[in-house]
Amino acid sequence: MRTGGRTDRRTGSREEGGNDGTRERRGAQGAPFVHPGPDPSNPLHTLPIQFVGSFPEALVRVDPELPEIAFIGRSNVGKSSLLNALVGRPGLARVSGSPGKTTLLNFYRLPGFYLVDLPGYGFARASKGARAGYRKLVTGYLRTRPSLVGIVWLLDIRHQPSADDLDMQKLLAESGRPVLAVFTKADKLTRSGLPVRANELAEALGLQQDQIQLTSSESKLGISELATSIVAAAVQEDS
Ligand code: GDP
């Protein structure tokens, strides 16, 4: 999933114009009122989406077989929030108060492709058995899933990569699949601190600028750009 030529779009300039997935209008005193609404520039907001099911098997057969784009990241990285923001349905994936509970692959069908929500890794309180089960499921999926065409790998922009993140990076590289690294929770940083931190994290991971996308499920920074990359990757494989 290559995402070249996106430098401007990654900087957050869209946020300033109120064109970031929210509709803004000014009240009588000039105070802004922000209303969530579909973003016409986000292709995933206009497509129908259907929850297919949750499966404990890496090689589960889904009918019809279509290209799959998978989402993976450390527990609590903001994966459910990002999925909800991407498709514009706040309740689609459950934003968890107690991370690390599910070890299932969640499939969502859109016209021509699936989004697959993989369970989060690095949950500190997981038992040894649970970790082994997780590894088998996720490794099996990433290595052998025939219709997997792209992986969205989530990292919290505030933190240095954990040992689990680095393990995952190895696994992703071994899988040979196209990967886009998504840095989440960008709204937690200041406007000036954001590009500095993004560069630091990219460098720590050995990633080029066209391999990363900054996002915030709160401010909607980078969400429509990510949606566009996802649709492009899925459709390219489909045609
Ligand atoms: P998951 O475990 O990876 O699915 O993460 P969740 O989506 O459940 O989010 C974990 C926590 O981070 C929740 O408290 C979310 O409200 C919060 N969160 C997720 N995304 C963002 C974001 O973009 N900005 C901020 N400020 N908080 C976020």
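Order of listing sets the numbers, starting from 1, for every ligand and every atom in it. Side chains included, hydrogens not; waters and symmetry mates left out as well; all remaining heavy atoms used.
Side-chain atoms of R143 and L171, non-hydrogen and from C-beta on, do get closer than 4.5 Å to each other.
Side-chain contact annotation: S219 with D187, donor-acceptor N/O pair under 3.5 Å absent.
Using a 4.0 Å cut-off to heavy atoms of S81, the atoms of ligand 1 that qualify are 6 (P), 7 (O), 9 (O), 15 (C), 19 (C), 20 (N). Listed by number with element, the atoms of ligand 1 under 4.0 angstrom from any heavy atom of N76 are 1 (P), 2 (O), 3 (O), 5 (O), 10 (C), 11 (C). Listed by number with element, the atoms of ligand 1 under 4.0 Å from a non-hydrogen atom of D187 are 22 (C), 23 (O), 24 (N), 25 (C), 26 (N). Close contacts between ligand 1 and S216 involve ligand atoms 23 (O) [criterion: under 4.0 Å to a heavy atom].
Atom CG of L118 and atom CD1 of I72 lie 4.5 Å apart (nearest 0.5 Å).
The closest approach between any non-hydrogen atom of V77 and ligand 1 is below 4.0 Å.
When K79, K188, K185 are checked for heavy-atom proximity to atom 3 (O) of ligand 1, K79 turns out nearest.
Among residues two or more places apart in sequence or in another chain, the ring pair (Phe, Tyr, Trp, His ring centres under 6.0 Å) test is passed with Y114 by F107.
Note on K79 versus D117: salt bridge recorded, some NZ/NE/NH1/NH2 to OD/OE distance being below 4.0 Å.
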